Amino acid sequence: MERKRVLSGVQPTGALHLGNWLGAIRNWVDLQISHETFFCVVDLHAITVPHDPAVLSENTLSTAALYIACGIDPKVSSIFIQSQIAAHSELCWLLNCVTPLNWLERMIQFKEKAVKQGDNVSVGLLDYPVLMAADILLYDSDLVPVGEDQKQHLELARDIAQQRINSRYNNTKDRPVLKIPKPLIIKEGAKVMSLTDGRKKMSKSDPNEGSRIGLLDPPELITKKIKRAKTDQYIGLEFDNPDRPEADNLLTIYSILSGLGKEESTNQCKEMGWGKFKPLLGDVTVSALEPIQAKYKDLMQERTELRKILQAGKSDAEEVAQATLKRVHSALGLTCRE
Ligand code: AMP
Ligand code: TRP
């Protein structure tokens, strides 16, 4: 039986944090065994808001290195940089021409990000979800593992593919022009919350560094951030108490990183005070990140291997992307290419 295909990506917009790992990348690692997997660094998405070119270029390589350090195996998965495959921008244009403007105007992430940009909102920021749809649809992806916040973008990709391409331009009869992807949202860790406010998502863009644990944070800094994390007045850690979002969040992180799971970590921590729990969580977090940081350091020191991996990923991706683009060209009547 043919393996289902998975595609996902993260923007190289800053140091990846625990939320990116537990909500996204960690799930990719398991999927490699059972699926055909493509993982890209979506640098074209990163320029939809003002950016520094030198920083972007370094972050792009560093994000790719972190994928590998987190366990994405380049022998099994194709790892590539989005901007190196021109088909992403090309398909994005084709999809732009069939996507209603009001579908984009109601995207939650656009509305949130647009507010932050004041009167300097780029067309690219509005178009961000269409580029994401292009990323996904180019690879005939069956499944797209993402965090909860990306669900609306996934729905949009499905709607564009189904309602605006397949049902209008399905002239190939035997197969639809585009495959309809499904989101894959793994509940556990799907949303890691901020260390300073258990009701807010841990995010790269939070101005308070103490709100997140970077995957490359040194051990002392991790310990310090956890020590300062927001707590409440109760003794004993517990899951799912709506009045105790911080307890739920930190215990979730603990249960995943320790490998104990929900039940065992509840048993272990239900009577524990914050003063005892925090050092425990600190140790578990430092140990979980240690191998990732070591592998990352190796990859970034000697970059030849990393560049080779990205070259191979590019060539795998190019092959699939070109085939899809050709189908869409033909469906839309752009036939002078042959
Ligand atoms: P971003 O950092 O917004 O570029 O997100 C990259 C990936 O990580 C996406 O799949 C997000 O859904 C996921 N992600 C980002 N922040 C979190 C978080 N706090 N908890 C869980 N997943 C997250
Ligand atoms: N928008 C996604 C995020 O912020 C990143 C992304 C871009 C993506 N293209 C994608 C994720 C394709 C999955 C598939 O996390």
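Predicted, not measured: the structure shown is a model, and the values here were computed from it. Counting starts at 1 for both ligands and their atoms, following the listed order.
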Novice: Of the side chain and backbone of Q11, name the one, both, or neither that has a heavy atom under 4.0 Å from an atom of ligand 2.
Specialist: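 Q11 to ligand 2: side-chain contact only, backbone stays beyond 4.0 Å.
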
Novice: Strictly by modelled atom types, are N102 and E105 linked by a side-chain donor-acceptor pair under 3.5 Å?
Specialist: no

Novice: Determine, for K201 against D149, whether the closest basic-nitrogen to carboxylate-oxygen distance falls under 4.0 angstrom.
Specialist: yes

Novice: Answer yes when R327 and D140 have at least one side-chain N-carboxylate O distance shorter than 4.0 Å, and no when they do not.
Specialist: yes

Novice: Mind checking whether L131 contacts ligand 2 via backbone (N, CA, C, O), side chain (CB onward), both or neither, at a 4.0 Å heavy-atom cut-off?
Specialist: neither

Novice: Looking at K230 and E246, is any side-chain nitrogen of the basic one under 4.0 Å from a carboxylate oxygen of the acidic one?
Specialist: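 A salt bridge is present here (some side-chain N lies under 4.0 Å from a carboxylate O).
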
Novice: If you measure from the Lys or Arg side-chain nitrogens to the Asp or Glu carboxylate oxygens, is any gap between R212 and D206 under 4.0 Å?
Specialist: no

Novice: Check V144 against ligand 2 and report side chain, backbone, both or neither, counting heavy atoms closer than 4.0 Å.
Specialist: side chain

Novice: In ligand 1, which numbered atoms sit nearer than 4.0 Å to a non-hydrogen atom of K204?
Specialist: 1 (P), 2 (O), 4 (O)

Novice: Under 3.5 Å between any N/O of T13 and any N/O of ligand 1: does that happen in this structure?
Specialist: no

Novice: Are side-chain heavy atoms of K151 and V146 found at a separation under 4.5 Å?
Specialist: no

Novice: Does K4 have more than 12 heavy atoms from other residues, nucleotides or ligands lying within 6.0 Å of its NZ?
Specialist: no

Novice: Side chain or backbone, does Q150 bring an N or O within less than 3.5 Å of an N or O on ligand 1?
Specialist: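 No, no N or O pair falls under 3.5 Å.
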
Novice: Please give me the minimum heavy-atom distance between L299 and A65, naming the atom from each residue.
Specialist: CD1-O, 3.6 Å

Novice: Can you confirm whether the side chains of D43 and T60 place a donor and an acceptor under 3.5 Å from each other?
Specialist: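 Looking only at side-chain atoms, T60 and D43 do not form any donor-acceptor pair under 3.5 Å.
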
Novice: Using distance alone, determine whether S203 and ligand 1 share an N or O pair under 3.5 Å.
Specialist: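 Between S203 and ligand 1, no N or O pair is found under 3.5 Å apart.
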
Novice: Taking only heavy atoms of K191, which atoms of ligand 1 are found under 4.0 Å from at least one of them?
Specialist: 20 (N), 21 (C)

Novice: In the protein, what heavy atom is nearest to atom 9 (N) of ligand 2, and what distance, to one decimal place, separates them?
Specialist: D135 OD2, 2.6 Å

Novice: At what distance is the nearest protein heavy atom to atom 5 (C) of ligand 2, and which residue and atom is it?
Specialist: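 Residue, atom and distance for the closest contact: G9 O, 3.6 Å.
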
Novice: Which of the numbered atoms in ligand 1 are under 4.0 angstrom from any heavy atom belonging to G23?
Specialist: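 Those of ligand 1 that fall under 4.0 Å from G23 are 21 (C), 22 (N).
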
Novice: For ligand 1, which atoms, with element, lie under 4.0 Å from some heavy atom of A24?
Specialist: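 By the 4.0 Å cutoff, the relevant atoms are 7 (C), 8 (O), 10 (O).
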
Novice: In terms of heavy-atom contacts, does CZ of R168 have more than 12 from other residues, nucleotides or ligands at under 6.0 Å?
Specialist: yes

Novice: Of the side chain and backbone of H17, name the one, both, or neither that has a heavy atom under 4.0 Å from an atom of ligand 1.
Specialist: side chain

Novice: Please work out whether any backbone atom (N, CA, C, O) or any side-chain heavy atom from C-beta onward of V10 is under 4.0 Å from ligand 2, and answer side chain, backbone, both or neither.
Specialist: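 For V10, no heavy atom sits under 4.0 Å from ligand 2.
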
Novice: Just heavy atoms, cut-off under 4.0 Å: does V192 contact ligand 1 by side chain, backbone, both, or neither?
Specialist: both

Novice: Kindly identify the option in V144, N249, D149, V146 whose heavy atom sits closest to atom 11 (C) of ligand 1.
Specialist: D149

Novice: Going from CG on D298 to CD1 on I68, what distance comes out if it is rounded to the nearest 0.5 angstrom?
Specialist: 11.5 Å

Novice: With a 4.0 Å cut-off on N to O distance, would you call K308 and E302 a salt bridge?
Specialist: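 E302 and K308: not salt-bridged.
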
Novice: Looking at atom 2 (C) of ligand 2, what's its closest protein heavy atom, distance included?
Specialist: Q150 OE1, 3.3 Å

Novice: Which residue and atom name correspond to the protein heavy atom nearest atom 1 (N) of ligand 2, and how close is it?
Specialist: Y128 OH, 2.7 Å

Novice: Applying salt bridge (Lys or Arg N to Asp or Glu O under 4.0 Å), run through D217 and K225 and close with a yes or a no.
Specialist: CA-CA 10 Å; D217 282 353; K225 285 179 177 174; 2.6 Å; yes

Novice: Work out whether the distance between some heavy atom of H45 and some atom of ligand 1 is less than 4.0 Å.
Specialist: no

Novice: Decide whether an N or O pair under 3.5 Å exists between M202 and ligand 1.
Specialist: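 N/O-N/O distance below 3.5 Å exists for this pair.
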
Novice: Under a 4.0 angstrom heavy-atom cut-off, which atoms of ligand 2 come close to L7?
Specialist: 12 (C), 14 (C)

Novice: Quick one: which ligand 2 atoms are inside 4.0 Å of a heavy atom on V146?
Specialist: 11 (C), 13 (C)

Novice: Using a strict cut-off of 4.0 Å, indicate which atoms of ligand 1 neighbour a heavy atom of V10.
Specialist: 6 (C), 7 (C)

Novice: Please name the pair of heavy atoms, one in K227 and one in K278, separated by the smallest distance, quoted to 0.1 Å.
Specialist: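 Scanning both residues completely, I find the closest heavy atoms to be O-NZ, 2.8 Å.
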
